[in-house]
Number of protein chains: 2
Amino acid sequence: MGKLQKSIDKRNALVKATIELVNNNGFHATPMSKIAKMADVSPATIYLYFENKQDLVNQTYMDIKAEYTNFAFATHNPNTPVKEGFENIWKRIAEFKLKDCENAMFLAQCDNTPMIDESIRQKGIKHLQPLLDLWERGRNEQVIKPVSDYLLYAYAINPLSFLMISQKRGALQLSKKHIEEAYQAAWDSIKL
Amino acid sequence: MGKLQKSIDKRNALVKATIELVNNNGFHATPMSKIAKMADVSPATIYLYFENKQDLVNQTYMDIKAEYTNFAFATHNPNTPVKEGFENIWKRIAEFKLKDCENAMFLAQCDNTPMIDESIRQKGIKHLQPLLDLWERGRNEQVIKPVSDYLLYAYAINPLSFLMISQKRGALQLSKKHIEEAYQAAWDSIKL
DNA sequence: TAAAAAAGAATGAACATTCATTTTTTTTAA
DNA sequence: TTAAAAAAAATGAATGTTCATTCTTTTTTA
């Protein structure tokens with residue numbers, strides 16, 4: 001195993017430990033020493049890979065956000081009809097949030113608290129552009145309600161985060177049928 | 001001013017300071033010393049009113065949750081038709097979240113992070129019973145989709161939290177028209 | 001063998017909570 | 001009614017701990 005691979009592995013271990021610990025305890029209740037221990041590394045080593053704790057969390061956020069949107073848009077074709085395109089993206093997002101729950105929980109926590117630097121969060125939003133483009137087309141074709149992106153996002157996408165958190169807490173177990181129901185609710189809320 | 005009133009005032013000041021500071025910095029980045037300073041009280045005094053920091057936040061959550069649901073259901077009449085009843089409750093909730101933004105933000109943060117003891121959060125959920133009853137009736141009358149309360153909540157109510165947070169961040173300014181659009185999306189997502 | 005990477009221990013700041021006093025309020029007795 | 005005494009409430013200053021970060025030494029790699 002080369003030096004580079006070893007470095008990548010170590011960085012990945014740190015990111016992974018950060019996600020798990022922050023998910024369970026929150027940012028400020030997660031000491032660097034615990035992150036180090038979980039990643040099997042000395043606390044001092046973290047500072048070879050990251051500037052400080054804030055930077056570690058910012059980078060973790062950016063990493064996972066990119067992974068998330070890559071997955072969401074991997075099968076997206078900008079030329080398909082709006083309805084079909086939306087269903088595809090929505091289901092990819094649902095799949096990510098439910099299969100890759102740890103990562104999605106982390107993103108949700110970052111987006112709902114003052115944990116991440118605001119400038120970093122802003123950058124993360126840009127990754128969603130393909131979905132915003134689709135919605136713009138949908139509005140033009142009068143397939144989607146003529147309302148703002150925020151509103152569409154609030155009803156079509158954001159509820160998945162709530163369902164995911166509820167599932168993580170053990171409040172419910174989302175089956176294929178539930179996903180289909182959720183998709184219908186999402187589409188009903190934004191379609192014209 | 002009697003002794004009792006003075007105590008109540010002091011407790012209220014502590015609760016208010018807690019909300020403001022936790023909203024802006026999160027639970028763990030809010031020191032007791034700052035809460036004390038903002039409430040114009042010695043740090044030691046907090047411990048006359050609350051057992052410890054966790055208890056302070058738990059009690060704050062319970063207080064605000066009760067205030068929220070009282071407001072939401074104040075004008076609710078269990079005998080009105082489902083659609084009308086839902087519109088009324090929804091609009092009361094929207095009003096609370098947008099007018100009493102500080103309090104609503106605090107609840108959202110509590111519900112989206114491991115900040116509050118889980119047992120306390122569970123208690124808070126019970127306050128929503130009138131809405132769950134309405135939904136049950138709606139399902140029986142085939143006015144509302146035959147799906148779980150979690151799903152209905154995720155689409156009909158939770159998006160308001162997202163919109164509220166976005167507004168607080170300055171991403172958008174919710175007008176009467178936006179509220180109406182949001183209501184339509186909420187109803188469209190759950191109606192049969 | 002030199003340079004880079006990693007380690008563990010050390011440092012100093014921040015913090016929740018407690019402690020020893022002081023201030024305020026209430027009670028008692030003239 | 002008043003003022004002294006007792007009780008309660010409030011305070012600011014410790015206390016001891018936890019933690020992010022840095023420093024010095026050791027280990028690994030080139």
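Chain identifiers are assigned alphabetically (A, B, ...) following the order of the sequence lines, protein sequences preceding nucleic acid strands; residue numbering begins at 1 within each chain. All values below come from the heavy atoms of this structure, side chains included, with hydrogens, waters and symmetry mates left out.
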How long is the line joining [atom1] of [X] and [atom2] of [N], in whole Å?
X	N	atom1	atom2	answer
B/Leu21	C/dC15	CG	P	12 Å
A/Lys37	D/dC19	NZ	C1'	13 Å
B/Asp9	D/dA10	CG	P	11 Å
A/Ile46	C/dA7	CD1	C1'	12 Å
A/Lys53	D/dC19	NZ	P	9 Å
B/Met32	D/dT11	CE	P	14 Å
A/Tyr49	C/dA4	OH	P	15 Å
B/His28	C/dA14	NE2	P	18 Å

Is a salt bridge present between A/Asp100 and A/Lys97, judged by a nitrogen-to-oxygen distance below 4.0 Å?
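No, A/Asp100 and A/Lys97 are not salt-bridged.
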Decide side-chain hydrogen bond (donor to acceptor under 3.5 Å, both in side chains) for A/Gln59 and A/Asp63; before the verdict, give the C-alpha distance in whole Å, the side-chain angles of both, and the deciding distance to 0.1 Å.
CA-CA 6 Å; A/Gln59 286 200 38; A/Asp63 275 28; over 6 Å; no
From C/dA6, D/dA9, C/dA16, nucleotide with atom closest to B/Leu48 side chain:
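Nearest listed nucleotide: D/dA9.
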Identify which nucleotide among C/dT17, C/dA6, D/dT11 has an atom closest to any side-chain atom of B/Thr45, counting heavy atoms from C-beta outward.
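Selected nucleotide (nearest to the side chain): D/dT11.
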For C/dA5, the Watson-Crick or wobble partner whose two distances fall under 3.5 Å:
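C/dA5 is paired with D/dT26.
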C/dA5, OP1 or OP2 - any side-chain N/O from A/Lys10 closer than 4.0 Å?
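No, because none of the side-chain N or O atoms of A/Lys10 sits under 4.0 Å from OP1 or OP2 of C/dA5.
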With a cut-off of less than 4.0 Å, is there a side-chain N or O of A/Tyr47 near OP1 or OP2 of C/dA5?
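No, outside the criterion.
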Quick one: SG on A/Cys110 to CD1 on A/Ile64, what's the gap to the nearest 0.5 Å?
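A/Cys110 SG to A/Ile64 CD1: 9.5 Å, rounded to 0.5 Å.
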For nucleotides 13-18 of chain D, give me one character per nucleotide, 5' to 3': B if any protein heavy atom sits under 4.0 Å from the base, S if the only such contacts are to the sugar-phosphate, - if neither.
------
Just checking A/Glu118: does its CD atom have more than 12 heavy atoms from other residues, nucleotides or ligands closer to it than 6.0 angstrom?
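Counting neighbours around CD of A/Glu118, more than 12 heavy atoms of other residues, nucleotides or ligands fall under 6.0 Å, so yes.
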What do you reckon, is NZ of A/Lys91 surrounded by more than 12 foreign heavy atoms closer than 6.0 Å?
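Yes, because the 6.0 Å sphere around NZ of A/Lys91 holds more than 12 heavy atoms from other groups.
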Angle class for the A/Trp135/A/Tyr153 ring planes (parallel below 30°, perpendicular above 60°, tilted otherwise)?
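A/Trp135 and A/Tyr153: perpendicular rings.
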With respect to A/Val15, which candidate in A/Val57, A/Thr60, A/Asn103 satisfies the side chain to side chain contact (heavy atoms under 4.5 Å, CB included) definition?
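Looking at A/Val57, A/Thr60, A/Asn103, the match for A/Val15 under the side chain to side chain contact (heavy atoms under 4.5 Å, CB included) is A/Thr60.
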